[in-house]
Asker: 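Sharing a structure below in structure tokens format, with a few things to ask.
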Amino acid sequence: MSDDRFDPECVRQLAQILSETGLTEIEVEGKAGRIRVAREHPPVAPTTVAAQVAAPAPAVAPAVSAPAPAAQPDDAHSPGAVLSPMVGIAYLSPEPGAEPFVMVGHTVTAGQTLMLIEAMKTFNQIKATKAGTVRRILVTTGAPVEYGQPLMIVE
Amino acid sequence: MSDDRFDPECVRQLAQILSETGLTEIEVEGKAGRIRVAREHPPVAPTTVAAQVAAPAPAVAPAVSAPAPAAQPDDAHSPGAVLSPMVGIAYLSPEPGAEPFVMVGHTVTAGQTLMLIEAMKTFNQIKATKAGTVRRILVTTGAPVEYGQPLMIVE
Amino acid sequence: MFNKILIANRGEIALRIQRACREMGIPTVAVHSTADAEAMHVRFADESVCIGPPPARDSYLNIPAILAAATITGADAIHPGYGFLSENASFAEMVEAHGLTFIGPSPAHMRMMGDKIAAKQSMGALGVPLVPGSDGEVATLDEARKIADEVGYPVLIKATAGGGGRGMKVANDPSELEEAWHVARTEAKSAFGNDAVYLEKYLDKPRHVELQVLADAHGNVVHLGERDCSMQRRHQKVLEEAGSPAITPEVRDQLGATATAALAKIGYRNAGTLEFLYQDGKFAFIEMNTRLQVEHPITEAICGLDLVREQIRIAAGHALGYTQSDIKFRGHAIECRINAEDPETFLPTPGTVEAFHAPGGLGVRVDSALYAGCKVPPYYDSLVAKLVVYAPTRLEAIARLRRSLEEFAVVGISTTVPLHQRIVAEPDFIAGDYTIHWLEKFVNRTR
Amino acid sequence: MFNKILIANRGEIALRIQRACREMGIPTVAVHSTADAEAMHVRFADESVCIGPPPARDSYLNIPAILAAATITGADAIHPGYGFLSENASFAEMVEAHGLTFIGPSPAHMRMMGDKIAAKQSMGALGVPLVPGSDGEVATLDEARKIADEVGYPVLIKATAGGGGRGMKVANDPSELEEAWHVARTEAKSAFGNDAVYLEKYLDKPRHVELQVLADAHGNVVHLGERDCSMQRRHQKVLEEAGSPAITPEVRDQLGATATAALAKIGYRNAGTLEFLYQDGKFAFIEMNTRLQVEHPITEAICGLDLVREQIRIAAGHALGYTQSDIKFRGHAIECRINAEDPETFLPTPGTVEAFHAPGGLGVRVDSALYAGCKVPPYYDSLVAKLVVYAPTRLEAIARLRRSLEEFAVVGISTTVPLHQRIVAEPDFIAGDYTIHWLEKFVNRTR
């Protein structure tokens with residue numbers, strides 16, 4: 001059913017991206033068909049207003065910091081990003097001194113273990129959801145990670 | 001002099017309207033010549049933000065009211081507006097029951113008395129600053145007026 | 001004192017706890033769902049950890065994630081706020097099992113008070129007043145008559161297995177008792193397969209009056225006076241007062257003495273609130289909340305203590321440092337809960353706050369995590385701000401409340417500010433003359 | 001009570017007075033210049049009248065316009081706030097001549113205290129302590145020596161006709177007296193054509209301590225304790241505390257008794273403040289302000305009174321209704337004056353406020369007429385907000401102040417919030433160890 005018809009959520013997302021990026025037109029073609037969204041004038045958008053009036057908060061709370069190591073803000077939105085499903089400590093090798101599960105440049109298959117995350121004294125395997133090449137590793141062994149934090153880019 | 005050159009105030013006003021409306025171009029032609037203003041992208045304007053964030057105040061202070069009778073908000077900016085130079089009580093006639101100084105449609109000369117304003121038990125003559133025709137009378141005898149309030153339109 | 005406190009909550013209460021910590025010089029860790037990444041409690045924290053997706057069960061109720069967040073940030077204590085995990089005894093136990101301090105009562109006391117029937121029995125045995133009635137099942141109509149005469153009409157015949165209003169009948173006078181007895185038993189039998197009933201005095205116009213207590217780990221217990229939370233809709237408190245318009249200092253002292261003696265006896269620790277129904281000069285214990293409450297600021301206003309600071313000090317093992325006679329009550333305080341709800345239909349109104357301006361000036365306190373541009377997500381409680389006013393007298397507090405509500409500006413989402421404006425204009429409210437049923441009727445009448 | 005009060009002021013103090021009126025049920029009239037048409041005090045008023053163009057002399061100092069505004073709106077009393085016309089005795093007389101009530105002291109008392117030399121003589125004669133020194137001119141060096149020995153060194157030789165620091169010399173010990181005497185007289189002669197000089201004790205490290213008083217029309221006078229305003233820059237108060245870190249309850253009681261007795265004797269009425277220099281345990285009267293002061297909220301915080309309400313009640317002829325023994329001082333309060341100024345250069349920063357977020361929570365009061373989108377015009381005083389914190393102890397108040405300053409957000413214009421953040425971190429401030437010279441030195445040192 002959802003394959004036969006346009007996906008309203010997709011259209012909404014594209015419209016949102018249009019607003020966010022200030023583009024006037026986006027065209028996307030994929031298996032499900034082609035979607036084109038356009039807006040004649042870049043919107044004087046509520047998002048812009050929000051961004052401006054949200055300004056006090058950065059001024060107020062200079063101390064905001066995640067405990068995580070620096071990842072690019074864009075990494076989480078990268079299509080190849082492997083996001084942490086939990087809060088915990090990252091381990092790139094099965095045990096101290098051992099070879100890491102994967103390294104940059106490695107080819108991985110879907111289901112292959114990429115790293116471990118320890119939470120509540122349990123080690124949880126983080127597996128590749130699709131085949132690809134490890135482009136970047138964004139955390140180090142022993143690093144604290146939060147939910148949704150990008151761990152690797154696999155493309 | 002001002003006829004020979006462009007009017008910077010006009011240009012600024014048009015730029016302002018451009019920002020407010022999100023238009024990309026405005027062209028105005030009149031006696032004084034032609035002005036065209038354009039901007040490649042409608043600005044993500046501070047004015048817009050200001051207008052939005054100023055919103056609380058009307059919500060907060062529903063009771064705001066001037067003691068003056070209803071004048072159009074535009075009257076004060078009308079080129080023929082006679083503005084009150086003081087706070088006081090308006091009188092359209094020299095004494096109760098007498099003929100009013102002027103009526104709508106009358107032609108007036110510069111320096112002619114248009115009405116009186118009583119302040120601190122003194123009657124102050126409000127005089128025409130230029131010749132013209134009385135288009136509208138915006139106050140009534142006995143009405144309180146504030147500083148800068150439009151009293152008449154003489155064009 | 002603690003080195004770092006993790007605050008396992010969100011919204012205004014997370015901010016409230018952060019403020020206390022900051023004033024005590026203790027760094028804080030905020031936890032948040034992905035929906036709250038831009039929230040005030042995250043922006044103000046010294047550190048923050050995203051613990052899960054928007055649904056509370058996956059984030060703010062996600063015990064492993066919260067404990068892992070405490071571990072990776074090196075926090076040594078957890079403040080649960082109210083709601084979420086604040087009354088979860090297992091969570092408190094796990095916090096302690098991880099070598100961290102739970103800022104609250106012992107898990108045993110949380111469990112005791114979590115079982116509402118056991119709580120009543122325990123407190124009743126310690127001399128705390130309960131609703132008068134039979135001790136357990138009433139076997140015969142004659143016995144029911146005898147007890148009803150003792151406690152006085154109206155009385156309620158209730159199924160021991162009951163709930164949800166079924167198997168429950170009121171007898172307003174002796175002539176109605178027999179029918180109520182039979183109907184209640186029949187309903188109980190058909191609804192629960194058990195016709196056992198008990199009898200208690202029916203409170204038809206009670207006030208909700210609750211007592212704030214503080215107890216340290218050294219056996220010191222004080223009460224901080226009562227709050228009147230009778231202004232309720234669907235069992236949700238809407239506006240609270242301290243003190244209660246219906247309570248005299250003598251009555252307060254007496255209830256306080258009974259309650260603090262009972263809590264000292266069981267060795268209760270940290271903050272807690274005993275909730276009572278109050279009618280005809282008598283209290284009936286309903287339940288005890290083993291946590292900080294939403295309406296704690298009105299108590300802070302009249303007794304001059306910072307309750308969160310006291311909670312933290314107690315959890316760190318400090319003695320209260322004052323006794324009951326040091327606690328003085330001054331003036332009157334009222335809190336309005338401002339919810340992101342339509343003020344007529346009470347439907348939630350999540351969305352983006354375009355502009356926010358809080359009232360200011362003398363005697364006005366606002367606790368809110370709103371800011372211009374913030375989002376009110378649809379996943380959590382609709383409480384977005386607490387307006388608390390304080391003045392020397394109740395009538396001055398009401399006048400201050402009225403002008404503060406006029407100043408309150410939230411643009412972009414509807415809030416219940418207009419509801420509060422209507423309430424504070426009502427003669428019954430101004431006279432302090434309202435029971436727990438008043439608001440429901442008022443809302444239905446004026447809708 | 002009054003039917004309608006016209007507030008002859010703008011900014012936060014106009015809003016402050018409006019709030020008190022609103023809580024008392026009295027409608028208000030705002031007056032404003034064309035620059036303030038969109039200002040908060042106009043938006044919140046029941047009625048508003050534009051009284052002139054931006055310059056204060058044509059609007060907020062325009063007496064005929066203000067009186068006409070009162071007439072056309074039917075106001076029966078005028079509250080002058082502080083600054084502008086608040087200490088103008090002629091204005092007060094004209095208000096009364098128009099049959100309206102001036103909410104303040106009698107014009108005679110305003111005039112008496114407006115003449116700084118006459119004020120000192122009057123108050124000195126009534127037993128209020130002055131700077132020790134000669135009674136008027138000192139004719140000979142021998143006489144100067146004698147008085148200097150009496151009052152103790154260092155002493156100041158001052159031209160009786162003097163001003164602006166000229167004709168003024170310090171003698172730190174007897175050996176310096178002769179030269180100071182000659183130099184002062186020579187300077188006085190050349191600068192003012194008059195070589196008459198007088199002598200007084202030189203206070204090299206005084207604190208500025210002031211006493212708040214309230215007096216009704218029935219002879220009752222109370223004091224509401226002192227404020228310490230030593231944190232000054234170029235004679236402008238920047239931060240104030242109540243009580244003073246340097247004053248004990250005994251010293252306060254003694255000064256209060258002297259001052260209230262003096263004011264009762266002259267029949268003073270309404271609010272007033274006696275300003276003193278305080279050094280080595282001794283007070284020296286400088287002047288009396290016959291109006292509400294900017295820093296009145298810290299007094300409200302520690303004594304629980306609403307000073308504007310009291311002013312209005314007194315002006316309406318009500319008796320205070322309490323005596324000195326009813327006034328209790330509790331806790332500690334600090335006010336930061338937040339100015340639209342660069343925090344380093346102190347240059348004014350008028351402009352548009354893009355975003356405004358005031359701190360909240362326990363013990364925090366903000367008085368400000370700012371809102372997101374408002375304009376701070378360049379024509380008036382740069383004070384745009386007052387942050388007042390209250391806590392049981394001075395150190396807790398400082399901790400609260402620090403966290404509140406962190407929360408304070410004004411976007412679009414620079415303010416002095418960062419200056420206050422630097423001050424509250426200073427050990428001297430935390431220790432309460434600062435005189436009226438401290439801030440000037442601090443600013444120069446850290447710039």
Asker: Which value, rounded to the nearest 0.5 Å, describes the distance between C/Gln18 atom CD and D/Arg403 atom CZ?
Answerer: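 If I round to the nearest 0.5 Å, the distance is 10.5 Å.
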
Asker: Quick check: do C/Arg16 and D/Leu362 have side-chain heavy atoms less than 4.5 Å from each other?
Answerer: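 Yes, close enough: below the 4.5 Å cut-off.
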
Asker: For chain C, which candidate among D/Glu12, D/Arg330, D/Glu300 shows the most heavy-atom pairs at distances under 4.5 Å?
Answerer: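 Heavy-atom pairs under 4.5 Å are most numerous for D/Arg330.
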
Asker: Taking every heavy-atom pair that is under 4.5 Å apart, which of D/Met24, D/Glu396, D/Lys386 has the most such pairs with chain C?
Answerer: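 When all of D/Met24, D/Glu396, D/Lys386 are compared, D/Glu396 has the most.
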
Asker: Taking side chain as everything from C-beta outward and backbone as N, CA, C, O, which of these in D/Pro297 sits under 4.5 Å from a heavy atom of chain C? Side chain, backbone, both or neither.
Answerer: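 Looking at D/Pro297, nothing touches chain C.
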
Asker: Any side-chain heavy atom of D/Arg365 sitting closer than 4.5 Å to one from C/Arg365?
Answerer: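 No, their side chains stay 4.5 Å or more apart.
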
Asker: Could you give the distance from CD (D/Glu23) to CZ (C/Arg402), rounded to the nearest 0.5 Å?
Answerer: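 Interatomic distance, D/Glu23 CD to C/Arg402 CZ, rounded to 0.5 Å: 10.5 Å.
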
Asker: Within the 4.5 Å heavy-atom criterion, are C/Met40 and D/His357 side-chain neighbours or not?
Answerer: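 Contact flag for C/Met40/D/His357 side chains = yes.
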
Asker: Measure the CZ-CD distance between C/Arg22 and D/Glu406 for me, rounded to the nearest 0.5 Å.
Answerer: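 Reported to 0.5 Å precision, the distance equals 5.0 Å.
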
Asker: Which bit of C/Leu370 is near chain D, if near means a heavy-atom gap under 4.5 Å: side chain, backbone, both or neither?
Answerer: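 Only the backbone of C/Leu370 comes within 4.5 Å of chain D.
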
Asker: Roughly how far apart are D/Tyr371 OH and C/Glu407 CD, rounded to 0.5 Å?
Answerer: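 Answer rounded to 0.5 Å: 14.0 Å.
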
Asker: Would you name the heavy atoms of D/Gly304 and C/Pro392 that are closest together and state the gap between them?
Answerer: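 So the two residues come closest at O-CG, 3.9 Å.
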
Asker: Does a side-chain heavy-atom distance below 4.5 Å link C/Arg19 with D/Arg400?
Answerer: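 Contact flag for C/Arg19/D/Arg400 side chains = no.
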
Asker: Against chain C, label D/Leu307 side chain, backbone, both or neither, depending on which of its atoms sit under 4.5 Å from a heavy atom there.
Answerer: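 Neither; nothing under 4.5 Å.
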
